[in-house]
Amino acid sequence: MQTEELLSLFKRRGVVWPSAEIYGGAAGLYDYGPVGLGVKHRLEEAWASWFVGLSPNYYLIEPAEIVPEAVVRSSGHLEHFADADVACAKCGHHARADTLLEEKGVADVEGLSPEALGRLLQEKNLPCPRCGERALSVPRPFNLMFALDFGAAGKEKAYLRPETAQGAYLSFARMWDVGRKQLPLGIAIIGKAYRNEIAPRNVLFRMRAFTQAELQIFFDPEDFTPPFDRVADEKLPCLRAADRAAGAVEPRVVTATELVQKGDIPPFYAYHLAHSLRFFRDVLGYPADRIRLLEKNEKERAFYNRIHFDIEVKLDSLGGYKELGAVHYRGDYDLSRHGEGSGTDLSVNPSGKKKFLPHVLELTFGVDRNVWGLADLHLKTETPSSSAGAGAEAEEEKGPRTLWALPSYLAPTQVAVLPLIRKMHSEKAEEIAEGLREQGISVAVPLTASVGKRYAREDEVGTPFAVTVDAQTLQDGTVTLRERDSRAQSRLPAAEIASRVRRQLVPPRPPRPAVPQAAATP
RNA sequence: GCGGACAUAGUGUAGUGGUUAGCACGCAAGCUUCCCAAGCUUGCUACCCGGGUUCGAAUCCCGGUGUCCGCACCA
């Protein structure tokens, strides 16, 4: 499906729609409807269950979304997250100072401050590229962060956080105590980040307010040995930087063991890369042959990233591989910068033998992007001939159907209970629905339209199970249970529905690492 | 930000100076003992916003906003 088709389906079914639509919209802002939010919440739950589940010393926290200026000064966002914008006083044309200078052959403009760029512009006295007048303004820093007036006097500066990660670094000292001074220490955050993007695009792909799910793992660089044997044979579709330089465009599948053999990728990195891959493949159900692990070269990655693989997934709606997650080995850059900036010593000495700054491994995921990915990869249009599921009834099928073949544990509604005939079976349907709700299952009871149409609607929003209440139910308490993907039906007592479906409603967790059996905490 | 294209019910569209603004799907109410978007009846909803030209603008012009495609951007 193309972007626009997906968006119109999203709008129609209450998944996602443009924010402030009645005022003409606001670029880069989207609202989640009940269906989209349901998927998003389940995705977040599945993410936390998987990644926080990697170690008993990993925790989910929720830091503030507003950060004081000192934080972004230390993190480097104030300096590097900005462009120098010049405007032509004559025609109003906007351009970037560095681009203008580069086009005129002024060699090295990278990293120059707006002031320095302004001096260069003045020296060269460049004309406006559109109208030719020499009326360009002094460069104005355009920062991708949203600045806020903070405090009663409005004199203090603060920003909406441009990434969630900073919250983990800021919380490290506190969490070191809360987590009883253990390494590795994992701090996971799921939350909004804000960037004043120049050109928001592709609905959920580049938004100005978006949700990230990130796990920052703090560890001792000389002693970080997660159970590598659990991933040793995992097949990783890697596109290495060196191979790309040599012209490769397709990933080459190597095992985790092979990846670490050359010595440039440490086992702890390969371990987490493999688990990230598994999350996409085994939890989100993305087809393995659409995922690649693309290594960024020195130029592409941030200077503090020592190893950087993007996890990319091929999405038809967007015409190719898109970054849906990444694994960054950031060294001690973050704690070192915040240690200096705040004057707080963030080094640790867990064994009493050496004092050091923990290193950081960052696993990062775009939540909204993956909601889009789940739609792109799991929404299907089935034509009657291609759906063999209903067997003998196949010839009676009419048009194609759209189904969202989400993994069951990611579906917003888990079971739909349908009265076959509204007047006669609604009461019983409600009773059965209530019984399921009491067991923690998310249930809808659609009443309007024919039963076939109701199946179709539920298919489209990804509901994995439908239970139909008919005349026989009133007599013997049995119902038909219909599965979304196969459309297969079976008859069973209503009381057995929960036990039949429950197992499929729980997202997979990573295999539990072997923890040394310390004395059980009383 | 730049360039190009586009903007009509919930969705997809027809209409290109004067139309009761059409169609399909959808949605809602009713009928139908109804297990895969059936049928019948009835009903619902639209010209992105602001200016201008004109006797008259959904239609032409300008500006804005938004979307898509390229470029640029994405520490």
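First the proteins, then the strands, lettered A, B, ... as listed; each starts at 1.
Residues passing the side-chain contact (heavy atoms from CB on, under 4.5 Å) test with A/Ala456: none are found, sequence neighbours excluded. In this structure, the side-chain contact (heavy atoms from CB on, under 4.5 Å) partners of A/Tyr304, at least two apart in sequence or on a different chain, are A/Ala302, A/Arg330, A/Tyr333. Residues satisfying the side-chain contact (heavy atoms from CB on, under 4.5 Å) criterion with A/Gln504, sequence neighbours excluded, are A/Ser408, A/Phe465. Residues passing the side-chain contact (heavy atoms from CB on, under 4.5 Å) test with A/Lys11 are A/Leu7, A/Trp17, A/Pro18, A/Glu21, sequence neighbours excluded. Residues forming a salt bridge (charged side-chain N to carboxylate O under 4.0 Å, His left out) with A/Arg73 (at least two apart in sequence, or on another chain): A/Glu69. Considering only residues two or more places apart in sequence or on other chains, A/Glu5 meets the salt bridge (charged side-chain N to carboxylate O under 4.0 Å, His left out) condition with none of them.
Closest approach of A/Pro412 to A/Val461, counting heavy atoms only: CD-O, 3.8 Å. Across every non-hydrogen atom of A/Thr211 and A/Glu44, the tightest pair is CG2-OE2, 3.7 Å.
Atom C1' of B/rG30 sits at a distance of 43 Å from the matching atom of B/rC68, rounded to the whole Å. Comparing B/rU53 with B/rG70, their C1' atoms sit 34 Å apart, to the nearest whole Å. As rounded to the nearest Å, B/rC74 and B/rA58 have C1' atoms that lie 39 Å from one another. B/rC62 sits 37 Å from B/rG26 when the C1' atoms are compared, rounded to a whole Å. Between B/rG43 and B/rC47, the distance separating the two C1' atoms is 22 Å to the nearest Å. A distance of about 35 Å separates the P atoms of B/rA29 and B/rU19, rounded to the whole Å. Atom C1' of B/rU16 sits at a distance of 15 Å from the matching atom of B/rC6, rounded to the whole Å.
In this structure, the nucleotide among B/rG12, B/rC35, B/rC36 sitting nearest to the side chain of A/Val451 is B/rC35.
A/Thr402 comes within 4.0 angstrom of a base, heavy atoms only. Base contact: A/Thr468 has a heavy atom under 4.0 Å from a base atom.
Between the side chains of A/Thr468 and A/Arg454, no donor-acceptor pair of N or O atoms lies under 3.5 Å.
Judged by distance alone, the side chain of A/Arg290 and the main-chain N or O of A/Lys314 form a donor-acceptor pair under 3.5 Å. Between the side chain of A/Glu295 and the backbone N or O of A/Ala241 there is at least one donor-acceptor pair closer than 3.5 Å. Between the side chain of A/Arg484 and the backbone N or O of A/Trp404, at least one donor-acceptor pair lies under 3.5 Å. Between the side chain of A/Gln414 and the backbone N or O of A/Ser442 there is at least one donor-acceptor pair closer than 3.5 Å. Remark: the backbone N or O of A/Thr473 is paired with a side-chain donor or acceptor of A/Asp470 at under 3.5 angstrom.
Taking 4.5 Å as the limit, some side-chain heavy atom of A/Glu300 sits within range of a side-chain heavy atom of A/Arg244.
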I need a per-nucleotide contact map over nucleotides 61-69 of chain B, read 5' to 3'. Cutoff is protein heavy atoms under 4.0 Å; write B for the base, S for backbone only, - otherwise.
----SSSSB

Review item, nucleotides 42-47 of chain B N/O atoms under 3.5 Å of protein N/O:
none

N/O contacts under 3.5 Å, protein versus nucleotides 28-33 of chain B?
| residue | atom | partner | partner atom | Å |
| --- | --- | --- | --- | --- |
| B/rA28 | OP1 | A/Thr448 | OG1 | 3.4 |
| B/rA28 | OP2 | A/Arg457 | NH2 | 3.4 |

Can you tabulate the close N/O pairs, meaning under 3.5 Å, that link protein atoms to atoms of nucleotides 73-75 of chain B?
| residue | atom | partner | partner atom | Å |
| --- | --- | --- | --- | --- |
| B/rC73 | O2 | A/Arg206 | NH1 | 2.7 |
| B/rC73 | N3 | A/Arg206 | NH1 | 3.3 |
| B/rC73 | N3 | A/Arg206 | NH2 | 2.9 |
| B/rA75 | N7 | A/His77 | NE2 | 3.2 |
| B/rA75 | N6 | A/His77 | NE2 | 2.5 |
| B/rA75 | N6 | A/Glu163 | OE1 | 2.6 |
| B/rA75 | N6 | A/Glu163 | OE2 | 3.4 |
| B/rA75 | N1 | A/Tyr304 | OH | 3.4 |

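The base of B/rC35 lies outside donor-acceptor range of the side chain of A/Arg482, with no N or O pair under 3.5 Å. A donor-acceptor contact under 3.5 Å is formed by the side chain of A/Thr480 with the base of B/rC35.
Here A/Lys453 reaches the OP1 or OP2 of B/rG26: one of its side-chain N or O atoms lies under 4.0 Å away.
Results of the side chain to side chain contact (heavy atoms under 4.5 Å, CB included) test with A/Val39 over A/Val16, A/Val15, A/Leu374 single out A/Leu374 as the only residue that passes.
Stem regions for RNA chain B, each three or more consecutive Watson-Crick or G-U pairs with both distances under 3.5 Å and listed by first number, read B:1-7 with B:65-71, B:10-13 with B:22-25, B:26-31 with B:39-44, B:48-52 with B:60-64.
Here ring pair (Phe, Tyr, Trp, His ring centres under 6.0 Å) pairs that include residues 306-326 of chain A, with residues two or more places apart or in two chains, are A/Tyr269-A/Phe309, A/His308-A/His328.
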